Each structure stands twice: as C-alpha cells, then as structure tokens.
Amino acid sequence: MSRVEMSPSVMKKGTMIFLAGSALAVSLFAQNLGTVTEHYRETASKLIDASFSDQGGMEKLTYLCDRIGNRLSGSPALEKAVTWAAAQMRADGLSNVVTPRVKVPHWVRGAESASLLEPVNKPLNILGLGGSIATPKRGITAAVVPVSSFEDLDKKGRAVIEGKIVLFNVPYEGYNRTVVYRTAGPSRAARLGAVAALVRSVTPVSLQSPHTGALEYSDGFPKIPAAAVTIEDALLIQRLVDAGNPVVAHLEMEAHMLPDADSANVIGEIPGRERPDEVVVIGGHLDSWDVGAGAQDDGSGCITALEAAHIIRALGLTPRRTLRVVFWTNEENGGAGGAAYREWAGDTVKNHVAAIEMDGGAEKPTGFGLSSSGDLQTMLGHVREIGMLLDRIDAGSIQPGGGGADIAPIMMDGVPGLALRTVGTHYFDWHHSRADTTDKVRIEDLRANIAAMAVMAYVLADMPAPLRQVTSSTR
C-alpha cells in the first residue's frame, strides 16, 4: 500500500480540527450534566446487580483476615498479605500488577501488662500505643493523676504531675476531636515530668476493650511509655480519685522499634481503551494494627476496590481511562505507602484525574465526599450526577470533604480526592481493637460498598470529560 505524505501545515490543521471537535464535545457534555446519569444508567444497574450477588468479595476478605490475620508494618503477616494480594489481582484479571518496594517503620509491641496496686489490687486491660517506648525491665510503679483535658493537665502543673502516671480520661466527642489526646498526650504529660501516660480508649463504646493507635512524640521532650486503657478502667480510676483515694498503678511494656523493614504497595490495573495514560485510582490500605484482624480497618477498603474492578472486568467493561487499584502499605503508623506511591507515579501524577480512598469501614454506604484544590463546585456538580446512579441503593449523597491519608500526597498535586462514606454507626466501636474481625463485616453492606465503588470508579474513568483536566493524554 502506498504511503501518503502530509505536509506539516495540513497535519497541524487536522490536529486543530480534531482538538476543536473534542473540546466542543467536552463542552456540550459539561453543559448537559444530565447526560451522565442517562448515559450510564444501564451500565450502573448492571454493576449494582452484579455486586449484590457477589460472593468473591467476602471470600477474599475472609481469607485476608482469617488466614493471614492482622498486618502491622514490618510483620511477616503483612508481607504474606502483599504476596497474596498481588496474586489475587492477577487471578482477577488485572494487568500491570506490580509491588513497588517501600521502607516502613517496624514497631514491636512485646509483652505488656498493667495493674492497680492501691487502693485495690486489680489488673488493667491495656494496649500499648503504636510507637511507644518500653518501661524499665521491672516496670514503672507510680501514683495516677487523671486529667480531663490539656487545660486541666496544664493547670495541675509540674508540682502535681512530676513523677506520676497521667491518665487522660477524656470522653469521646468524635474521633477527630478526641484522638489528639492519644497522639499528643504522652509528650504533653512528659513536658511536666510524667513518667508514663495512660489514655482512655478513643471509642464511644467499650466492653473492657482497649483501642490502640499511633502516638507522636514531640521533639525536645522525654519519651515516656504510653498505653490505652478501657473506658471502664479509666472511669474506675476517676471514681477512686474523686472519692479521695490515692491510686497507684504498675505498668510493664516491652515495646521497641527495630530498623525500618521492607514492604510494598500492591498495584494492578484495567488499562483504558482510549486514554490509558489518564488514571483513576481506587484503593485502601493493606496494613493494620497488630490486634484483631484489620477487617473493617482496612481490609474492607482493599477488597471493596479490588472486587469493584473485578466486577467491571467480568462484565466486559473497559473504561476510556485506566482504572488503577492500589493497596497502600503503612497507613496506620507512618504513611510511607502513600508517599512512596507519589514518588513511584512521578510526572504521571499530572494525568491522575481522580482518586478514591476507602478507609472508613464497610457499613452501609451513604455516598462520597469530595475534596479538590480545583473548581470544587463544578466538580461536585459532575460527581452528584454520578451519585444519582446510586440513589437506588441510598448511596448517592455527594458532599464536600473527601480524600484520605494515602491519597493525600497526590491530592497535594491537584488530584481530586474522594472518600466512600458510610453510616459509621459502629466503626469506632471496633476500630484499632481486638474486635476488628471478619464477623463485623456484613456481606450485604460489603456488597453495597462494592456497588458504590464500582459505579463511581467506572463512570469517573469512562465519562467523556475528565473530572480534572490533565496536562497531556493520548486522545
């Protein structure tokens, strides 16, 4: 066949016509947002129907949580989960499966115990806070001073606090308001001479169940051992002190840090059929704390994303853009996975058009939150059109405020971030505790989350105009 040569001027003119036509199509699409809902209604119904009959999601979550178990950064279990996840992505038909290596913190809990010695002799249920140092080998025995706030702590001052164990007995007023006592409390107490810190578990409900989580030591102050106690034990200590009793406790912890360990993010894709360099990311974090099984936090987020992609592919759907599933490592006690993903993506982050992180458990979904450094109101309008496709399962609410810890690094580069929202009725009852096990995830709720993720991810990856305008593409 003969080869027809075109002059540069003709090529330029043709390109301009093509781009103008593409821009007009995008403009018309944007002007008539209702076309999103109407165009994808049938596809969304198929995705929802397939999700609500799905068995694979619960089977995968059960294997991850029951057979591999909890997955703290640096543990053999996390690396077993990385290997399993990569193999599962391949088995589910995802392409370009890779496991880029990530250095992660390696904190080891070790043996730990605590008890009241005066005015009663009673064991305390504790969980050392992630990153805590150990007590001396024979432990710490000291009087306990309960405080109700940082203001209360500062008012008592060094004269009362020095040489004591401080108990932050702060009622739960929502996670974001109360968690600061866990993260910053130990250093605030150490600044006034405390020898250890106990923190009332950051949870609204307790059946003698302590909840762990990371602390953050501040530079310039001594590091002291710190552990979470149950609500019941915190209230007991408070009652004893309020009644005029000196309270003495003994604390022993072997917690310690080891050198950073090797781990990995797990990444797989459904390559886009027209614009493969444009990317929509969905995922959750694969690591968990070293108690329970990390079922709600965040095995459910990982499996929801993976099963959504699996169902999209099983239905023979290939979106315009690449749909990328990411299991991030080390969200719980470091955030190394999210930072490493941003580094791994490099310059291609400019072609990420959206990212969805699920890290709030798999109770009944209500919709999505959205955050963006771009034109948020316009984006909310587009995403609310997609949300209408989820009204059938009462998951169509689209509100400002999305993202997550793992996608925060790419959001700083302008990538719109979404979070799958649920009713959140019991999530913090189980969060970071021994109770975060497979049985806490109802299959009906997991299926609904899979449906919501599948519809939102597919439409974001397929609709003609990207949610975020990208720098370059293969159009």
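The structure displayed is predicted, hence computed values, not measured ones.
Between Arg239 and the options Leu236, Ile237, Asp242, a side chain to side chain contact (heavy atoms under 4.5 Å, CB included) holds for only Leu236.
When every heavy atom of Ile68 is checked against every heavy atom of Ala77, the shortest pair comes out as CG2-O, 3.4 Å. Annotation for Ser132 and Pro225: closest pair OG-CA, 3.4 Å, computed over non-hydrogen atoms. Of all heavy-atom pairs between Tyr458 and Leu47, the closest is CB-CD1, 4.1 Å. Of all heavy-atom pairs spanning Phe150 and Arg188, the tightest one is CB-NH2, 3.4 Å. Residues Val353 and Arg321 approach most closely at CG2-CD, 3.9 Å, considering heavy atoms. Closest heavy-atom contact between Leu61 and Ser300: CD1-N, 3.7 Å.
The closest side-chain heavy-atom distance from Ile450 to Asp54 is below 4.5 Å. Using a 4.5 Å heavy-atom threshold, the side chains of Gln88 and Ile303 count as separate. Counting only heavy atoms from C-beta outward, the side chains of Glu112 and Leu127 approach each other to under 4.5 Å. When side chains are defined from C-beta on, Lys60 counts as touching His310, because their heavy atoms get closer than 4.5 Å. Taking 4.5 Å as the limit, every side-chain heavy atom of Val279 sits out of range of all side-chain heavy atoms of Glu269. Between Met89 and Val325 the shortest side-chain heavy-atom distance falls below 4.5 Å. Looking only at side-chain heavy atoms (C-beta outward), Leu116 and Leu240 come within less than 4.5 Å of each other. Looking at heavy atoms from C-beta onward, Leu286 lies in side-chain contact with Leu64 at the 4.5 angstrom threshold.
A donor-acceptor contact shorter than 3.5 Å is absent between the side chain of Glu357 and the backbone of Gly417. With Arg71 contributing its side chain and Ala81 its backbone, the two residues share no donor-acceptor pair below 3.5 Å. In this structure a side-chain-to-backbone donor-acceptor pair under 3.5 Å is present from Asp233 to Asn125. With Gln296 contributing its side chain and Ala362 its backbone, the two residues share a donor-acceptor pair below 3.5 Å. A donor-acceptor pair is defined here as one N or O able to donate and one able to accept, closer than 3.5 Å; such a pair exists between the side chain of Thr437 and the backbone of Ala435. A donor-acceptor distance shorter than 3.5 angstrom exists from the side chain of Thr178 to the backbone of Glu173, with no hydrogens or angles considered. In this structure a side-chain-to-backbone donor-acceptor pair under 3.5 Å is missing from Asp287 to Leu78. In this structure a side-chain-to-backbone donor-acceptor pair under 3.5 Å is missing from Arg468 to Pro416. Using modelled atom types, one side-chain atom of Asp436 and one backbone atom of Asp297 make a donor-acceptor pair closer than 3.5 Å. Checked by atom type and distance alone, the side chain of Arg90 never pairs as donor or acceptor with a backbone atom of Leu94 at under 3.5 Å.
Side-chain contact of Lys80 with Thr83: a donor-acceptor pair under 3.5 Å is absent, judged by distance alone. Side-chain contact annotation: Thr141 with His250, donor-acceptor N/O pair under 3.5 Å present. Counting only N and O atoms by type, the side chains of Thr438 and Asp66 include a donor and acceptor under 3.5 Å apart. Checking Thr183 against Glu216 by side-chain atom types alone, no donor-acceptor pair falls below 3.5 Å.
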Next on the checklist: Determine whether Glu332 and His432 satisfy the following criterion, side-chain contact (heavy atoms from CB on, under 4.5 Å), listing intermediate values before the conclusion.
Outcome noted: CA-CA 9 Å; Glu332 294 291 5; His432 293 184; 3.2 Å; yes
task: Check the pair Ile267, Tyr341 against side-chain contact (heavy atoms from CB on, under 4.5 Å), reporting the backbone distance first and the verdict last.
output: CA-CA 10 Å; Ile267 302 170; Tyr341 177 82; 4.0 Å; yes
Using side-chain hydrogen bond (donor to acceptor under 3.5 Å, both in side chains), reason through Ser206 and Glu232 one step at a time and then give a plain yes or no.
CA-CA 7 Å; Ser206 175; Glu232 295 89 343; 2.8 Å; yes
Worksheet item: Does the side-chain contact (heavy atoms from CB on, under 4.5 Å) test come out yes or no for Gln208 and Thr230, once each step is laid out?
Response: CA-CA 5 Å; Gln208 281 289 6; Thr230 67; 2.9 Å; yes
Stepwise, does the side-chain contact (heavy atoms from CB on, under 4.5 Å) test hold for Val98 with Trp344? CA-CA 11 Å; Val98 293; Trp344 176 84; 4.0 Å; yes
Exercise. Would you please test Arg101 and Glu79 for salt bridge (charged side-chain N to carboxylate O under 4.0 Å, His left out) and show each step?
Key: CA-CA 11 Å; Arg101 304 307 293 173; Glu79 297 321 295; 3.5 Å; yes
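With sequence neighbours excluded, the residues satisfying side-chain contact (heavy atoms from CB on, under 4.5 Å) with Leu258 are His106, Val108, His256.
Enclosure of atom CG in Asp347 is not indicated, since only 12 or fewer non-hydrogen atoms of other residues, nucleotides or ligands lie within 6.0 angstrom. For Met257, the CE atom sits in a packed shell: over 12 heavy atoms of surrounding residues, nucleotides or ligands are nearer than 6.0 Å. Residue-environment remark: NZ (Lys122) exceeds the threshold of 12 foreign heavy atoms within 6.0 Å. Annotation for Glu343: atom CD does not count as buried by contact number, only 12 or fewer foreign heavy atoms lying within 6.0 Å. For Arg191, the CZ atom is densely surrounded, since the number of other residues' heavy atoms within 6.0 Å is greater than 12. More than 12 non-hydrogen atoms from other residues, nucleotides or ligands lie less than 6.0 angstrom from CZ of Arg158.
Going from atom CG of Leu215 over to atom OG of Ser187 covers 7.5 Å, rounded to the nearest 0.5 Å. From Thr212, atom OG1 reaches atom CH2 of Trp289 across 5.0 Å, with rounding to the nearest 0.5 Å. Asp445 contributes atom CG, which lies 8.5 Å from atom OG1 of Thr422 (distance to the nearest 0.5 angstrom). Atoms CG and OG1, from Asp277 and Thr348 in turn, are 9.0 Å apart once rounded to the nearest 0.5 Å. Considering NE2 of His426 and NZ of Lys440, their distance stands at 11.0 Å, rounded to 0.5 Å. For the atom pair CE (Met453) and OG (Ser51), the distance works out to 11.0 Å, reported to the nearest 0.5 Å.
A salt bridge links Arg109 with Asp290: at least one charged nitrogen is closer than 4.0 Å to a carboxylate oxygen.
Taking the six-membered ring where tryptophan is involved, the planes of Phe428 and His431 are perpendicular, since the angle between them exceeds 60° and thus also 30°.
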